[in-house]
Number of protein chains: 2
Amino acid sequence: MTPQGADQPLPLSVDRTSPVPLYFQLAQQLEAAVEQGRLAPGTLLGNEIDLAARLGLSRPTVRQAIQSLVDKGLMVRRRGVGTQVVHSQVRRPLELSSLYDDLEAAGQRPATKVLRTTMEPATAEIAAALGLAEGTEVNLVERLRYAHDEPMALLRNHLPPDLLALPARELESTGLYRMMRASGITLHSARQSVGARAATAGEAGALDEEPGAPLLTMERTTYDDTGRAVEFGSHVYRASRYAFEFQLLMRG
Amino acid sequence: MTPQGADQPLPLSVDRTSPVPLYFQLAQQLEAAVEQGRLAPGTLLGNEIDLAARLGLSRPTVRQAIQSLVDKGLMVRRRGVGTQVVHSQVRRPLELSSLYDDLEAAGQRPATKVLRTTMEPATAEIAAALGLAEGTEVNLVERLRYAHDEPMALLRNHLPPDLLALPARELESTGLYRMMRASGITLHSARQSVGARAATAGEAGALDEEPGAPLLTMERTTYDDTGRAVEFGSHVYRASRYAFEFQLLMRG
DNA sequence: GCCATGGCTTTGTCCGGACAATCGAACTAG
DNA sequence: CTAGTTCGATTGTCCGGACAAAGCCATGGC
């Protein structure tokens with residue numbers, strides 16, 4: 001008996017003229033098959049040797065493709081058994097995501113209003129986060145983010161001087177991360193802290209909540225691939241309208 | 001000039017008689033060197049071919065070791081340049097962690113008080129999370145978690161029936177996840193949602209806060225490697241004493 | 001009936017080599 | 001002096017093969 005169910009051995013093929021790596025092509029096709037349900041959860045994937053022979057690839061290439069899916073949490077390998085599609089509703093691992101992109105992906109009609117863009121001397125906390133001397137002038141951007149025309153979050157970002165031009169027009173029509181990427185900064189990692197506290201009078205007014213209402217807070221320092229801190233953000237979200245959702249994977 | 005600084009080419013060696021895979025031995029040594037500062041941030045690691053030759057390994061093995069560190073976010077590869085130690089305070093990516101372990105690792109003297117362990121019919125929400133029929137009897141565990149003898153969080157966990165014995169004694173002396181692992185369950189992934197809301201009178205009393213005080217909330221459904229939901233947790237944390245901290249990595 | 005053994009299947013690890021793509025720096029031409 | 005080009009260095013991809021380790025199942029002995 002064939003692993004997947006005999007009748008339809010799953011159409012897979014690779015294009016050797018394409019510049020896309022072969023292992024990546026295969027991984028994409030398998031991932032698509034899983035998401036579309038053509039590879040049901042629990043399905044055995046058939047052994048790597050046969051799969052390689054069927055596609056005219058070598059075993060290392062096939063392994064590299066499968067390994068990338070295992071790393072994503074879509075599949076599980078067991079020695080002596082085989083590789084099977086994992087049985088759950090895995091979405092995607094936590095990414096270094098931007099609120100703007102998240103809202104847009106969820107069809108939430110994001111909009112941004114820039115409240116201020118100024119230069120300010122860095123406080124001790126901000127200087128430490130960005131790796132600058134206290135008192136250095138840093139860019140400050142304060143924005144209000146809406147979804148469906150309702151205020152969702154108050155965003156305060158601090159950026160090192162001379163990192164990036166910050167035209168208000170662009171800040172309103174797209175996200176900060178997208179602007180960074182577009183100007184050649186490759187984001188690498190971020191350190192986040194998520195907490196909660198009561199709204200101040202000012203925050204309550206901006207977010208259309210009562211003073212003292214619970215707010216979700218997030219502080220994030222973002223680093224590029226050279227290890228340089230490129231942004232320190234201090235954000236508050238309306239707890240009544242927003243929660244962080246994400247998927248965790250065990251490592252091993 | 002040698003990549004790291006000429007004088008000390010970094011002592012590396014592998015033990016071929018060990019059952020530990022060679023790539024893993026190498027990865028461990030490199031990671032230790034990074035953490036101890038023997039490999040300074042920004043340091044070039046020297047090309048893979050030479051490194052392989054120096055250790056008597058093949059290039060694929062060395063690559064596998066380095067790749068695992070790149071996946072952890074400790075190093076960055078650039079074609080035509082080399083591999084360098086990443087320049088920042090990367091700790092570790094967000095894990096499927098238990099509060100108990102987190103507190104213990106931070107030296108916070110965790111303690112647990114079991115408030116109840118009962119069977120209850122599942123509500124629609126709980127049944128959906130665990131993949132059971134509404135009304136099925138599920139285990140309910142309610143605990144109060146302390147750090148330094150102060151209440152930190154109120155933990156409510158729902159577990160499928162017959163999954164695990166839940167002796168109160170063990171629940172108080174260790175974490176739930178540790179008990180699961182010990183009974184042969186291999187945790188694989190979890191879906192989390194983090195939000196905030198105001199404390200109810202009961203929660204305020206248990207946590208030594210005022211009613212209406214902001215609380216940090218976390219809901220988590222945990223799956224094992226067969227995709228079966230093994231736990232649904234609904235927890236509240238004192239926002240004045242606790243925040244979630246974690247590190248995010250870009251994927252690419 | 002039950003348990004141990006052995007064999008088969010499948011993934012895990014490792015090797016050695018080949019060529020392509022990309023980056024950075026030195027070099028050259030204007 | 002500047003801009004474009006070439007070239008060496010380094011990682012990225014891919015191949016084919018070999019043996020080891022682990023899990024599953026059937027066989028056989030008790």
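Excluded from the calculations below are hydrogen atoms, water molecules and symmetry mates; all remaining heavy atoms, backbone and side chain alike, are included. Everything quoted here is computed from the prediction, not taken from an experiment.
Partners of B:E48 under the side chain to side chain donor-acceptor pair (under 3.5 Å) rule, at least two apart in sequence or in another chain, are B:R59, B:R63, B:R77. Judged as a side chain to side chain contact (heavy atoms under 4.5 Å, CB included), and not counting sequence neighbours, the contacts of B:A122 are B:I126, B:A127, B:V138. Here B:R78 pairs with A:D225 under the salt bridge (Lys or Arg N to Asp or Glu O under 4.0 Å) rule; sequence neighbours left out.
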Indicate for each nucleotide in nucleotides 21-27 of chain C, in 5' to 3' sequence, whether protein heavy atoms under 4.0 Å reach the base (B), only the sugar-phosphate (S), or nothing (-).
BBBS---

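Nearest nucleotide to the A:R16 side chain, out of D:dC15, C:dC14, C:dT11: D:dC15. Counting only heavy atoms from C-beta on, B:E48 has its side chain closest to D:dT11 among D:dT13, C:dT11, D:dT11. Of all nucleotides listed (D:dT11, D:dC14, C:dC14), C:dC14 comes nearest to the side chain of B:L22.
Here D:dG8 presents its P atom at 16 Å from CG of B:N47, a figure rounded to the nearest Å. Distance, A:Q84 CD to D:dG23 C1': 13 Å, rounded to whole Å. Look at CG on B:D15: it is 16 Å from P on C:dT13, rounded to the nearest Å. Rounded to an integer number of Å, the gap from A:Q25 CD to D:dT13 C1' is 12 Å. For the pair A:L51 CG and D:dC14 C1', the interatomic distance rounds to 16 Å; values are reported in whole Å. In this structure, B:Q67 atom CD and D:dG12 atom C1' are separated by 10 Å, rounded to whole Å. Atom CD1 of B:I49 and atom C1' of C:dC19 are 12 Å apart (whole Å). Distance CD (B:Q64) to P (C:dT11): 16 Å, rounded to an integer number of Å.
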Please test A:L74 against A:L30 for side chain to side chain contact (heavy atoms under 4.5 Å, CB included), starting from the C-alpha separation and ending with a verdict.
CA-CA 10 Å; A:L74 265 66; A:L30 290 173; over 6 Å; no

Using atom types as modelled, flag every donor-acceptor pair under 3.5 Å from a side chain in residues 17-27 of chain A to any protein atom, sequence neighbours excluded.
from: A:T17; atom 1: OG1; to: A:D15; atom 2: OD1; distance (Å): 2.7
from: A:T17; atom 1: OG1; to: A:D15; atom 2: OD2; distance (Å): 3.3
from: A:S18; atom 1: OG; to: A:V20; atom 2: N; distance (Å): 2.9
from: A:Q25; atom 1: OE1; to: A:D15; atom 2: N; distance (Å): 2.8
from: A:Q25; atom 1: NE2; to: A:D15; atom 2: O; distance (Å): 3.0
from: A:Q25; atom 1: NE2; to: A:V20; atom 2: O; distance (Å): 2.9

Anything under 3.5 Å between a protein N or O and an N or O of nucleotides 16-18 of chain D, put it in a table, one pair a line.
from: D:dA18; atom 1: N6; to: A:R59; atom 2: NH1; distance (Å): 3.3

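Close to D:dT11, at under 4.0 Å from its OP1 or OP2, lies a side-chain N or O of B:T83. OP1 or OP2 of C:dG12 sits under 4.0 Å from a side-chain N or O of A:R77. In this structure, A:T61 reaches the D:dC15 phosphate: one of its side-chain N or O atoms is under 4.0 Å from OP1 or OP2. Contact check, A:R63 against C:dG12: a side-chain N or O comes under 4.0 Å of OP1 or OP2. Close to C:dC14, at under 4.0 Å from its OP1 or OP2, lies no side-chain N or O of B:Y23.
Under the 4.0 Å criterion applied to side-chain N and carboxylate O atoms, A:E172 and A:R143 are not assigned as salt-bridge partners.
Side-chain atoms of A:Y177 and A:E231 form a donor-acceptor pair, as typed in the model, at a separation below 3.5 Å. A donor-acceptor pair shorter than 3.5 Å cannot be found between the side chains of A:T221 and A:R191.
Taking all atoms of both residues into account, the shortest heavy-atom contact from B:A229 to B:A129 is CB-O, 3.5 Å. Across B:L44 and B:V81, no two heavy atoms sit closer than the pair CD1-O, 3.9 Å.
Between B:I66 and A:V20, the residue anchored nearer the 5' end of DNA chain D, judged by the nucleotide with its closest heavy atom, is B:I66.
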